[in-house]
Structures are given as structure tokens and as C-alpha cells.
2 protein chains.
Amino acid sequence: MVTIADVAQAAGVSISTVSYVMSGKRAISQETRDRVEKAIDNLGFSPHAGARSLASRSTNVIGLQAPLRTGVDVHVVMQIVTGVVTQARKHGYDILLLASDDSKALQRAAKGSMVDALLVMDVESDDPRIDTLSGLDHPSVLIGLPQGRRAIPCVDFDFEAAGWLAVDRLVALGHRRLALIGSPLEVMARHTSYADRLARGFLAACEANGVVGTVHACPSTVEAVSTVADVMTEDPTITGFFVHNEGALPHVAATIAQRGRQRGDELAILALCPDDVARSVPGLADSIAVPAEAIGAAATDMICEILANGTKPAVRLLPPALTGDATAS
Amino acid sequence: MVTIADVAQAAGVSISTVSYVMSGKRAISQETRDRVEKAIDNLGFSPHAGARSLASRSTNVIGLQAPLRTGVDVHVVMQIVTGVVTQARKHGYDILLLASDDSKALQRAAKGSMVDALLVMDVESDDPRIDTLSGLDHPSVLIGLPQGRRAIPCVDFDFEAAGWLAVDRLVALGHRRLALIGSPLEVMARHTSYADRLARGFLAACEANGVVGTVHACPSTVEAVSTVADVMTEDPTITGFFVHNEGALPHVAATIAQRGRQRGDELAILALCPDDVARSVPGLADSIAVPAEAIGAAATDMICEILANGTKPAVRLLPPALTGDATAS
DNA sequence: CTGAAAGCGCTAACAC
DNA sequence: GTGTTAGCGCTTTCAG
């Protein structure tokens with residue numbers, strides 16, 4: 001293994017000079033800098049992460065606890081993780097992936113000085129991990145917006161605003177009777193709050209717009225289709241649909257479109273899902289993008305800012321935006 | 001921060017004794033051990049990972065490079081990662097998640113002594129990362145089976161055997177004309193080899209069984225349905241379908257089933273996908289599980305064994321198995 | 001069975 | 001603008 005001492009010797013400078021060339025923490029003459037950098041390249045030197053963290057008391061690693069189980073929107077999780085990893089690298093951090101749902105894992109990583117900070121996804125409102133995080137010396141940011149004391153900074157999508165936006169759009173398209181086809185009950189049962197927030201925004205916007213809106217959870221992804229069919233049968237006056245349900249979206253969209261054709265009605269389907277998913281589903285009037293990767297990036301930015309400046313921001317909600325009806329087929 | 005010295009003092013022993021109590025690398029009297037362990041608990045001591053890796057020249061971290069982009073079977077990737085993380089913890093390792101598709105990232109992690117070993121997913125046959133890995137001092141294992149020199153140990157699902165198994169099953173069900181509905185072209189274009197292996201096994205098995213088999217790639221997930229429709233129209237004698245295409249599976253299955261009903265034929269659909277996905281798709285005759293989590297776990301076991309014993313196994317392919325027709329609706 | 005002490009490779013005072 | 005050096009917290013000889 002090539003060490004900083006090897007580099008120093010090769011460049012004919014002291015160890016500390018090499019260190020300072022790398023960190024930029026003190027002025028170095030151009031000449032010296034060049035020699036050192038050349039030596040680093042020639043020898044293929046990379047500083048030993050452990051030695052570094054021992055001496056500097058920081059690891060340049062962020063711990064990420066992501067939900068790896070099924071029963072979450074795998075697509076969205078993946079994109080958030082991508083955003084985190086990508087953005088973290090831009091700030092010079094690496095990501096340690098922690099086993100999900102485990103307070104112990106957070107403590108282990110923090111107390112063992114394996115990470116400088118923690119990013120935690122999929123936190124429920126009464127999640128014990130919130131207390132765990134509060135008790136740690138390490139800064140942390142939640143991806144999601146649990147209800148409660150808000151002791152830890154959060155980053156999430158503004159689902160409530162998305163509900164409003166969806167209604168505004170459907171109303172603008174001329175629809176006066178709307179239905180929100182929501183998450184599977186499984187998701188509703190966990191108290192991650194986003195399904196609630198979406199429904200709240202949707203219903204409030206309906207009221208504000210003076211239109212009729214109803215919210216429908218699906219028993220499961222498979223049964224989403226029959227749920228929609230039931231809704232359409234029970235109230236044939238509904239013409240605007242807002243669908244938020246990853247796996248079921250294509251099926252639901254197809255069902256709605258087919259029935260619309262049979263009835264000869266002009267139905268509109270608005271989806272809430274990642275952009276690329278929307279593009280693969282035909283027949284959507286429009287879609288609201290869940291900016292999953294941006295959420296991951298924003299959370300990472302926030303934790304890095306806390307690490308750098310010691311600031312402690314509170315909650316950051318990313319605003320919804322319509323994709324444009326480019327997705328119409 | 002509480003250090004090993006604090007523990008030693010609290011327990012009234014030397015630092016080295018505390019270290020040996022933790023590592024178990026030398027005999028300790030029960031009495032001393034008890035005292036030390038109590039001190040560790042009382043003080044809430046966790047050894048500093050960096051200090052440890054500096055002194056011991058090992059990190060207890062495995063680097064994992066997973067494909068975070070879209071255009072892969074997100075479900076399967078997620079499960080493999082889950083298998084890796086879970087199994088790694090059982091061996092006392094943590095997982096550093098590396099930015100995808102980046103030879104540099106592998107080198108950075110290895111040369112910076114951030115990891116003890118590397119696990120790399122989604123390697124293509126002429127992937128430059130294979131050479132990178134060969135040039136490293138750190139052991140590595142590929143998840144997947146690229147063609148070529150096989151310089152690095154691999155773990156993967158036995159897609160070829162899965163092709164055989166599918167045909168055997170369909171033939172046993174009485175079908176003599178079979179079609180493999182394969183991956184999107186996008187996947188075929190990348191040379192990850194599994195689509196090829198599946199097709200090879202499928203065709204060889206058809207020949208061995210004396211039945212007719214054809215292979216059909218889908219232009220995209222969306223167009224999978226029309227692809228199937230075309231296949232069924234062009235050759236109405238096909239009655240056995242083997243579907244391997246994550247996003248499209250439910251749509252394809254629905255299409256096949258519907259057409260079968262129209263024609264009054266007894267069609268059979270066999271799927272290749274994770275168990276839980278199969279359960280959510282109605283109308284399958286049976287399914288072959290992609291044991292994604294087991295693949296991740298097996299790869300982790302392999303790398304840990306290499307780390308522990310210095311053994312260098314070559315290729316490990318996990319055998320396919322039928323789920324049983326419990327998935328029939 | 002236990003202790004003392006020499007590093008591991010780096011950072012960051014403290015010198016000049 | 002550069003060099004010297006004292007740790008950072010742990011593992012592991014080497015002694016007993």
C-alpha cells in the first residue's frame with residue numbers, strides 16, 4: 001500500500017505538505033503543488049479512509065436507511081436512493097446502506113463512527129427511530145414527513161399541494177365530479193402520512209372548486225381494477241380520475257379508458273407517479289411527477305449543509321408540477 | 001466519545017484485555033470477561049470503525065455496485081440488494097453503496113481502503129469493470145454471469161436451466177407449441193447474457209422434447225401486449241407461454257388469458273419472476289421463481305468465504321424451481 | 001491468563 | 001510557504 005509518506009518522499013516534501021495539498025487548507029506554492037500532485041498520480045496514492053477518519057474525526061460517509069422490503073413503491077425508492085447516492089458523491093460523501101427498520105443499525109453506525117450523518121426513509125408517525133435519532137450526536141434528515149413533534153428535519157414531496165394541483169387541472173379540463181384512486185390499504189395502514197396528505201389536498205381543493213370529489217383506497221394492487229370498476233358503476237357521473245398507485249396504474253388506466261369508450265364519455269385520467277412511469281402508460285390526460293430523485297438529492301443537500309454549516313433547517317417540501325400532456329397517446 | 005481506554009479503566013484491566021474480550025482472539029477468564037462486558041455496556045462503548053480499520057487493515061465493509069438506473073428489473077434489483085445487506089450483517093459486514101457503472105468508484109473504494117471486498121451487479125460481457133476488478137488487490141464477486149474469461153467469481157440464477165424447466169412443465173401440461181415472451185429489446189441489447197441463456201435453454205429443451213418453440217423479444221414494456229397479440233394471431237396453434245418480462249407480465253398474462261377465452265382454447269402461462277410478483281398476477285398456470293434475495297445472499301456468502309478462507313470459487317448458479325400452481329386463481 | 005507498548009496512516013496544531 | 005510531531009483509537013506483537 002502506498003502511503004502519504006511515500007508520496008512525500010517521492011515529491012521531496014514533508015508529509016504535512018502532501019496533506020495540505022490534498023485538503024487545500026493552507027497555501028501551497030504552485031511549484032510544490034505540481035510536484036506533489038504528480039507524485040500522487042505516479043504512485044496511484046489514495047489516502048486510507050480509516051486513518052483519515054481517525055485523525056479528522058469525520059468519515060465522509062452518510063448512512064442511509066432505505067426500505068428494502070416489498071410493499072413500498074419500489075420504483076420510487078430506487079429513484080430516491082439514486083438521487084441520494086449521486087448527490088452525495090457531488091459533496092464528496094459515500095453512502096453506507098443500513099438494514100431497514102432497525103433502530104439498532106442507526107446507533108451502530110453512529111456510535112461506531114462509521115458515518116457523519118444519517119438519512120432515514122419511510123419513517124412512520126410514531127416511529128421509534130425518531131427518538132433514536134434525537135438521542136444521537138449525529139445530524140440526521142428524514143425523507144418523508146411523519147406527523148408529530150418534528151424533532152428531525154424532513155424532506156418530502158408536497159403531496160397536499162399535489163392533491164390541489166390535480167383537482168385544478170381536472171377542473172380546468174371541464175370535469176366536475178372527481179375520484180382519487182389511492183394507495184393500497186397496506187400502504188394506508190402504515191402511517192407514513194403521504195396518502196393522507198394527498199387525500200386532504202384533493203378533498204380541500206374539490207371543496208374550494210365547488211366540485212364533488214371522493215377518495216377510494218384499493219384493497220390491493222390486484223383488486224385496484226375492480227375497485228375502479230365499482231366506483232364507475234356506482235357513480236357513472238364521475239369523469240375525472242386521479243390515480244396514485246404504482247403497480248396498478250396501467251391496469252386502472254386501461255380499465256377507465258375502456259369503460260369510457262363503452263359509455264361514450266370523455267373521461268380524464270391524471271396520474272401521480274415518476275415521469276418515466278407516466279410515459280409508459282397510454283391514455284393519461286396528464287401526470288404529476290413524483291420527483292423521487294430530486295427528493296433524494298434535496299435530502300442529501302440538506303444533510304450536507306447541516307454538516308458544513310451546522311444549520312438546522314426544519315421541513316422542506318418539493319412542489320408538484322404537471323408533466324404536460326406530452327404523455328397523451 | 002467513549003474509547004477502549006475508558007472501558008479498560010472502568011473494568012480495571014488493560015486496553016489489550018478489552019480488545020481481546022471483543023475479538024475473542026485469546027483466552028480470558030470468565031471473571032475478567034464479565035467485568036469488561038459490563039463496563040462496555042455501562043459506558044455504551046462501540047469501537048471506532050476507522051481506528052479499527054487502521055490497526056487491523058480491514059474494514060468489515062463490502063462495497064456493492066448496484067444498477068440504480070431505470071431499465072432494469074427494479075423489483076429484482078431491490079431484492080438482491082436486500083439479500084446482500086441482510087446476509088452481510090450476519091457475517092458482520094456493512095454495505096457501502098457505490099455509484100453505478102463506474103470503474104472509478106470501484107477503485108476509489110478499494111484503494112482508499114474503504115472496503116474489504118467488492119460485489120458488482122449487472123456486469124456486461126465486455127464490461128471494463130471486469131479488468132478493473134482483476135487489477136485490484138481486493139477480492140470481488142459478480143452478481144450475474146458475463147461471457148468471457150471468467151476472471152472473477154460469479155453468482156447468478158441458472159437461466160438456462162430455467163428455460164428447460166419451463167419447457168418441461170409446459171410439455172407436462174400437454175402443450176406442444178410454445179412461445180417465450182422475453183425481455184424488452186433494451187435489455188437484450190445490453191449484453192448481460194441472461195436473456196440469451198434463458199432463450200438457449202428454452203430452445204434446447206423444446207428440441208429435446210420434440211416440441212415447437214419460438215422466442216419473442218418485446219420492443220418495450222408497453223408494446224409487450226401487442227407483441228403477444230401478434231404472436232397469437234400469426235400462430236394460433238401456440239398454447240404454451242413462458243413470460244419473462246417484469247413490468248409487462250400482468251398485461252401480457254391478461255391478454256393471453258382473454259384471447260384464450262375468446263378462442264375457447266386451453267392456454268397455459270408460465271412466468272419467470274419473483275414469487276411475490278407471481279402471486280399478484282392472476283391466471284398463471286405456474287411460475288418459476290427468480291430467487292433474487294437468495295442470489296444476493298449467496299453472493300455475499302461467497303465473498304465472505306473468500307475473505308475468510310482465501311478460497312477462490314468460480315461460478316455458482318442457483319437452480320430454478322417451480323413455485324407450484326398455488327398461484328392459479 | 002494479562003499488560004505494556006509499538007505501530008497502523010493521517011490531520012492539524014505548533015514551529016520556523 | 002514548509003517541516004516536525006503529537007496524537008486519533010485500536011490491534012497485536014512481545015513479555016511475563
(message) Pair A:R316, A:D156 - check salt bridge (charged side-chain N to carboxylate O under 4.0 Å, His left out), show working.
(response) CA-CA 6 Å; A:R316 169 141 185 239; A:D156 202 356; over 6 Å; no
(request) Test side chain to side chain donor-acceptor pair (under 3.5 Å) on B:H91 and B:N60 and set out the steps. (result) CA-CA 9 Å; B:H91 290 283; B:N60 277 287; over 6 Å; no
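When the nucleotides C:dC10, D:dG9, D:dT12 are ranked by their closest atom to the side chain of A:P47, C:dC10 comes out on top. Among the nucleotides C:dC10, D:dC10, C:dA4, the one closest to any side-chain atom of A:H48 is C:dC10. Taking only side-chain atoms of A:T32, from C-beta outward, the nucleotide of C:dG9, D:dG1, C:dG3 with the closest atom is D:dG1. In the set D:dT2, D:dG9, C:dG3, D:dT2 carries the atom at the smallest distance from any side-chain atom of A:R26. Considering only side-chain atoms of B:Y20, the nucleotide from C:dA13, D:dC10, D:dT13 that sits closest is D:dT13. Relative to the side chain of B:R52, the nucleotides D:dC10, D:dT12, C:dC10 differ in distance, and D:dC10 lies closest. Checking C:dT2, C:dT11, D:dG9 against every side-chain atom of B:A55, the shortest atom distance belongs to D:dG9. For B:R57, whose side chain is taken as the heavy atoms from C-beta onward, the closest listed nucleotide among D:dG3, C:dG3, C:dG9 is C:dG9. Distances from the side chain of B:S16 to the nucleotides C:dT2, D:dT12, D:dG9 place D:dT12 closest. Relative to the side chain of A:K25, the nucleotides C:dC10, C:dA12, D:dG9 differ in distance, and C:dA12 lies closest.
Nucleic acid contact class of B:I28 (heavy atoms, under 4.0 Å, all strands): sugar-phosphate only.
Contact check, B:S29 against C:dT2: a side-chain N or O comes under 4.0 Å of OP1 or OP2. Using a 4.0 Å cut-off, no side-chain N or O of B:S56 falls inside it from OP1 or OP2 of D:dT11. The shortest distance between the side-chain N/O atoms of B:S19 and the OP1/OP2 oxygens of D:dT11 is below 4.0 Å. Listed pair A:T17 / D:dG3 meets the phosphate criterion, a side-chain N or O lying under 4.0 Å from OP1 or OP2. At least one side-chain nitrogen or oxygen of B:S14 sits closer than 4.0 Å to the OP1 or OP2 atom of C:dG3.
In this structure, A:M1 atom CE and C:dG9 atom P are separated by 6 Å, rounded to whole Å. Atoms CD (A:E31) and C1' (D:dT2) sit 12 Å apart, rounded to a whole Å. A straight line from CG of A:L54 to P of D:dA6 spans 17 Å, rounded to a whole angstrom. Taking atom CD1 of residue A:I15 and atom C1' of nucleotide D:dT2, one finds them 13 Å apart after rounding to whole Å. One can place CD1 of A:I4 at 11 Å from P of C:dG9, the figure rounded to the nearest angstrom. In this structure, A:D6 atom CG and C:dC8 atom C1' are separated by 14 Å, rounded to whole Å.
When each of B:R69, B:Q65, B:R129 is paired with B:D122, the side-chain hydrogen bond (donor to acceptor under 3.5 Å, both in side chains) condition holds for B:R69 and for no other.
Looking at A:L133 and A:V120, their side chains come closer than 4.5 Å, going by heavy atoms from C-beta outward.
B:E293 and B:T82 are not linked by any side-chain donor-acceptor pair at a separation below 3.5 angstrom, with hydrogens and angles left out of the test.
Atom CD1 of B:I295 and atom CG of B:D158 lie 10.5 Å apart (nearest 0.5 Å).
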